[in-house]
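Chain letters run A, B, ... following the sequence lines, proteins first, then strands; residues in each count from 1. None of the values given here were measured: they were computed from a predicted structure. The figures that follow rest on heavy atoms only: side chains count, while hydrogens, waters and symmetry mates do not.
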Amino acid sequence: MKVKYNPHIIETRWQDFWEEKKTFKVSEDDDRKKYYLLEMFPYPSGKIHMGHVRNYTIGDVAARYKKMRGFNVLHPMGWDSFGLPAENAAIEHGIHPSVWTNQNIEVMRSQLKRMGFSYDWDREISTCEPKYYRWEQLFFLWMYEKGLAYKKGGSVNWCPKCKTVLANEQVEGGLCWRCGSEVTEKQLDQWFFRITAYAEELLEYCDKLPGWPEKVLTMQKNWIGKSYGCEIIFPMEDGSEPIKVFTTRQDTIYGATFMLVAAEHPLTMKLVQGTPREEEVRAFVEKVKKQDKLIRTSDYYEKEGIFLGAYCHNPVTGWKMPIYAANFVLADYGTGCVMAVPTHDQRDFEFAKKYDLPLVVVIQNPDDALDAETMTEAYVDEGILVNSGPFDGRPNLQALEDIAEYLESIGRGKKTVQYRLRDWGISRQRYWGAPIPVINCDECGAVPVHESDLPVVLPMDIEFSSEGGSPLERVASFVNCECPSCGRPAKRETDTMDTFVESSWYFDRFCSPDYNEKPGLDRKKVGYWMPVDQYIGGIEHAILHLLYARFFTKMLRDFGVLGIDEPFTNLLTQGMVCKETTRCPRHGYLYPDEVKEGACSRCGEKIVIGKTEKMSKSLKNVVDPSHLIDEYGADTARLFCLFASPPEKDLEWSDQGVEGSFRFLNRVWRIVQEYLEDIREVSPFDEEREPKDPASRELRKKYHQTVKKVTRDIEDRFHFNTAISAVMELVNRLYQVPRPERDDLEALSIIRKAIETIVILLNPIVPHITEELWRMMGGEGLLAESAWPSYDEEAAREEEITIVIQVQGKVRGKIQAAADESEEVIREKALADEKVRKHLEGKEIIKVICVPGRLVNIVAK
RNA sequence: GCCUGGGUGGCGGAAAUGGUAGACGCAAGGGACUUAAAAUCCCUCGAAGUUUGACUUCGUGCGGGUUCGAUUCCCGCCCCAGGUACCA
């Protein structure tokens, strides 16, 4: 009697079994090699989405595979549970962020369990718990002590109506997403982490991470943006404090004809203070502050500026240079001041033309001489220096170094290194985050909380008012406190930390999740497990999260908490799961199940199909994996995610194809049922001799080839899609093999071996069905705890291969040859081929190229 | 704008290192089984041409180049995606 494949019964049974037996619980074991596999933990936004399913399935296959290879595998899961959406839910639906978050965690945990992931659930952490964030408050205190955490003015997006800071995401076309008011730039005192202190090391180690994708390292290097240049000093006309600029183009110094200052730079207002221009300039600065930073620096944006009524001098030519405030100069890069060389910088050129400022060519185009009077755009290519005093006639790039030295020699500059990387602003004027452990005292300023007073617990009794602002500010019991330094009444800091802080060290915490002694990380356990051997997560985190996590690791190392330089040895950045967006003209973005036959289910209005973008809650273009599991089971969901595309590529969602994965599992199920009676008492082929029957020999070769291919695909590059196709081929082969007689024990033992191979190879991918089949076949123990199969190179080898024969690079024939056939024989056979001779008729053979084991190419005239 | 990737049949994708383009799967069409349907099994499936041959030509976003040979390497362009420092 054959049993039907019923995924739901099977999956529940095995999930309960693993949970009860604690199959995936791990502890330190010095006798085994450890393997720490980590997927980026999720933000508990509500439900699991396909991006999670994909990410965690990839990780689970790798974790189960490594376990089968004998590693002691740490595979934990937790929640990145502070963040903005919880606060939005509070404002929109009146639900407390902690309630909302914990409800979501409940739902998502049960969803993950339904997927059959091999987590050690005893290590679960949630970053919004005081027992987690208390340690990062401790790290903050240490950072403060070392000057790695500091306070300075920074600009934020400010909605005057909501009286709140807006995330860039909440600014839509310069307007507040909630009330539509115009968003302005506001200066606020903010806390920063001095990541720039580690800029050089972060950059240097980019070349010491061979397990990371090249593209991620390139992005990080560019983000850090080290450039060698020159700081040049421009004396002021009136003898006041000179202006310093940073430039990488000191070769153009002789062409600098005016000076530009960022509008929001303090110098701007300082220069015009008390002059008739003050009001006019202030208006300009206010206007610039309202402009979006992104747009401001784009090439097409109208360059605007205002004369500040002051002059400085070019240190090499002595020219009097007018000083302008400009909208396209950034205050926080370099010194916030730029020497303008209109002839060789397009932005400066446009600015000079607009305000009628002088142009002097200093790099001459060797092919087409430039004339400052007639040029229509800046010349930004290489050339020969002119009008450049002692440097005339030299190629500009070669003179860079000498000009820097010359400036140094006359005391007007020095060679410097500049990084694009800025310090990490961690202040958030929001409620749902870890409190910054600082007390603000009128007398003593910002005073750190005593270590013994940690954690500073986020109060739960809060109210979100319609007037906006941070609810923390209104909790008197939280805000009012004593200054730890002088004891006078003081106010607690109400800024909370950026949620990237939590995700910068959670991987350390997983090693000792319940350790409650200072510093929250058990040195011995962390020493055993760290670094993470394989980290897996979305490519969208390529810069920020990964850079911050690297920074924290180095810093905690310097605090003596960790013994490693880098947190992640190998990194796999999976592509995103994308889907087209659907939008109702009246109700905005719609979830797929709010669309009924191309119309909005609420109002019946025809929907607009938008661009394909990464699945995200804000765009509502998400597919609920629960439906998938309900209909086909977790194994099908897992198989589909892996089979649809290789992990690093984006996956465009389509409902088609899931059916095929389910069909394949049924095929596997049925072939086992088919042979179950015949092979139950037969042991798998012992591999000690060649089988006699040719069909058995072929099948044996095929399963050795399959083990080889699957092992390589998983081990080398996590290409599960091709690994799965290889197993599919073996399954197809098995269906084609004529059924052996019931007493043909050798043939049956080969069949058994082939079936076992399929079941074992598929186990990390579809663990439930394979575990069930294994037990039905009378296999010993748990597959999850079994060894990965090995293959015999000799048995996998093809003895006959196809050689392609080309004439002029075009395929004209194919021949069969023994794998070790000599080149001469193959060449002979190739030239003897009838079709090849036809194509060579009347031609003279010039050259014959032989690629062993592949092809012969005959070049003729 | 800037930085980083990507673009292959109707669709998802496959082809370490330059060497048979399209493995495997989906969809589609045809057939078998069935009273019928589902399920299952088998066959066809890049395009065009025609002397209907186991043939020829074209074909990996577009335009050039290197090479006996290019999806793969180089140059230029177009389009798509991610990041762009307060979404995570």
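- Contacts of A/Ala542 with the nucleic acid, taken as non-hydrogen atoms under 4.0 Å apart, are absent.
- Atom pair A/Glu350:CD and B/rG1:C1' shows a separation of 12 Å (rounding to whole Å applied).
- A/Arg422 has no side-chain polar atom (N or O) that falls below the 4.0 Å cut-off from OP1 or OP2 of B/rA85.
- Heavy atoms of A/Phe500 sit under 4.0 angstrom from at least one base atom.
- For A/Tyr150, the ring-ring contact (aromatic ring centres under 6.0 Å, His included) criterion is met by A/Phe192, not counting sequence neighbours.
- Comment: A/Glu674 does not engage A/Arg670 in a salt bridge, judged by the lack of any side-chain N to carboxylate O separation of less than 4.0 angstrom.
- Using a 4.0 Å cut-off between charged side-chain N and carboxylate O, A/Glu729 and A/Lys702 make a salt bridge.
- B/rU50 and B/rC55: their C1' atoms are spaced 9 Å apart (whole Å).
- Aromatic ring pairs are classed by plane angle as parallel below 30°, tilted from 30° to 60° and perpendicular above 60°; the pair A/Phe193 and A/Trp424 is perpendicular.
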- Please walk me through it: do A/Ile58 and A/Gln574 pass side-chain contact (heavy atoms from CB on, under 4.5 Å)? CA-CA 9 Å; A/Ile58 293 164; A/Gln574 55 152 1; 3.8 Å; yes
Listed pairs, N/O of protein and of nucleotides 55-60 of chain B, under 3.5 Å:
| from | atom 1 | to | atom 2 | distance (Å) |
| --- | --- | --- | --- | --- |
| B/rC55 | OP1 | A/Lys835 | NZ | 2.9 |
| B/rU56 | OP1 | A/Arg812 | NH1 | 3.3 |
| B/rU56 | OP1 | A/His839 | NE2 | 3.1 |
| B/rU57 | OP1 | A/Arg812 | NH2 | 3.4 |
| B/rU57 | OP2 | A/Arg812 | NH1 | 3.3 |
| B/rC58 | OP2 | A/Lys810 | NZ | 3.3 |

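- Whole-Å rounding puts the A/Ile224 CD1 to B/rU84 P distance at 16 Å.
- Taking the P atoms as reference points, B/rU20 lies 10 Å from B/rU71, given to the whole Å.
- Applying the 90° cutoff around 0 to the glycosidic angle, B/rG29 is assigned anti.
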- Task: Report the secondary structure of RNA chain B in dot-bracket form, marking unpaired bases with a dot and bases paired to a different strand with |, and treating Watson-Crick or G-U pairs with both distances under 3.5 Å as paired.
- Result: (((((((..(((......[....))).(((((.......))))).((((.....))))..(((((..]....))))))))))))....
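- The residue A/Val848 sits apart from the nucleic acid: no heavy atom pair falls under 4.0 Å.
- Judged by distance alone with a 3.5 Å cut-off, no donor-acceptor contact links the side chain of A/Glu540 to the base of B/rC87.
- As judged by a 4.0 angstrom heavy-atom cut-off over every strand, A/Gly538 is placed among residues making no nucleic acid contact.
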- Any chance you could list the contact pattern along nucleotides 14-28 of chain B? Use B for base contacts, S for sugar-phosphate-only contacts and - for none, protein heavy atoms under 4.0 Å, 5' to 3'. SSB--BBS-BBSSS-
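- Residue-level contact check: A/Ile858 touches neither bases nor backbone, having no heavy atom under 4.0 Å from any strand.
- Annotation: B/rG82 and B/rC43 have their P atoms spaced 42 Å apart (nearest Å).
- Looking at heavy-atom distances under 4.0 Å, A/Met576 makes contact with sugar-phosphate atoms alone, never a base.
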- Worked check of side chain to side chain donor-acceptor pair (under 3.5 Å) between A/Tyr535 and A/Glu39: CA-CA 6 Å; A/Tyr535 195 37; A/Glu39 300 123 34; over 6 Å; no
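- At a threshold of 4.0 angstrom between heavy atoms, the contacts of A/Gln736 with the nucleic acid are absent.
- Electrostatic pairing of A/Asp207 and A/Lys221 counts as a salt bridge here, judged by a charged N lying under 4.0 Å from a carboxylate O.
- When the side-chain hydrogen bond (donor to acceptor under 3.5 Å, both in side chains) test is applied to A/Glu169, no partner is found at least two apart in sequence or on another chain.
- In this model, the phosphate group of B/rA88 is approached by a side-chain N or O of A/Thr499 to a distance below 4.0 Å at OP1 or OP2.
- No more than 12 heavy atoms of other residues, nucleotides or ligands sit less than 6.0 Å from atom NZ of A/Lys47.
- Residues A/Arg667 and A/Asn732 bring a donor and an acceptor atom of their side chains to less than 3.5 Å of each other.
- Taking atom P on both B/rU72 and B/rG19, the two are 10 Å apart, rounded to the nearest angstrom.
- In this structure, A/His541 reaches the bases: a heavy-atom distance under 4.0 Å links it to at least one base atom across the strands shown.
- Atoms CZ (A/Phe193) and P (B/rA85) sit 19 Å apart, rounded to a whole Å.
- Between B/rA23 and B/rG29, the distance separating the two C1' atoms is 22 Å to the nearest Å.
- Using a 4.0 Å heavy-atom criterion, one finds that A/Ser427 contacts the bases of the nucleic acid, with or without backbone contacts as well.
- Counting all heavy atoms, side chain and backbone alike, A/Ala167 lies closest to A/Leu84 at CB-CD2, 4.1 Å.
- Atom C1' of nucleotide B/rG83 and atom CD of A/Gln220 are separated by 12 Å, given to the nearest angstrom.
- Atom CH2 of A/Trp432 and atom C1' of B/rC86 are 18 Å apart (whole Å).
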- A/Gln190 and A/Gln429: side chain to side chain donor-acceptor pair (under 3.5 Å), yes or no, with the steps? CA-CA 9 Å; A/Gln190 311 237 66; A/Gln429 290 69 37; 3.0 Å; yes
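- Partners of A/Tyr43 by ring-ring contact (aromatic ring centres under 6.0 Å, His included), not counting sequence neighbours: none found.
- The P atoms of B/rG10 and B/rG5 are separated by 29 Å, rounded to the nearest whole Å.
- Glycosidic torsion of B/rG9 falls within 90° of 0, placing the base in syn.
- Across B/rU8 and B/rG46, the matching C1' atoms stand 10 Å from one another, rounded to whole Å.
- B/rU40 and B/rC58 have their P atoms separated by 42 Å, given to the nearest Å.
- Between A/His52 and A/Tyr56, the ring-plane angle classifies as parallel under the 30° and 60° cut-offs.
- Distance CG (A/Asp423) to P (B/rC86): 12 Å, rounded to an integer number of Å.
- Annotated as anti: B/rA39, whose O4'-C1'-N torsion sits more than 90° from 0.
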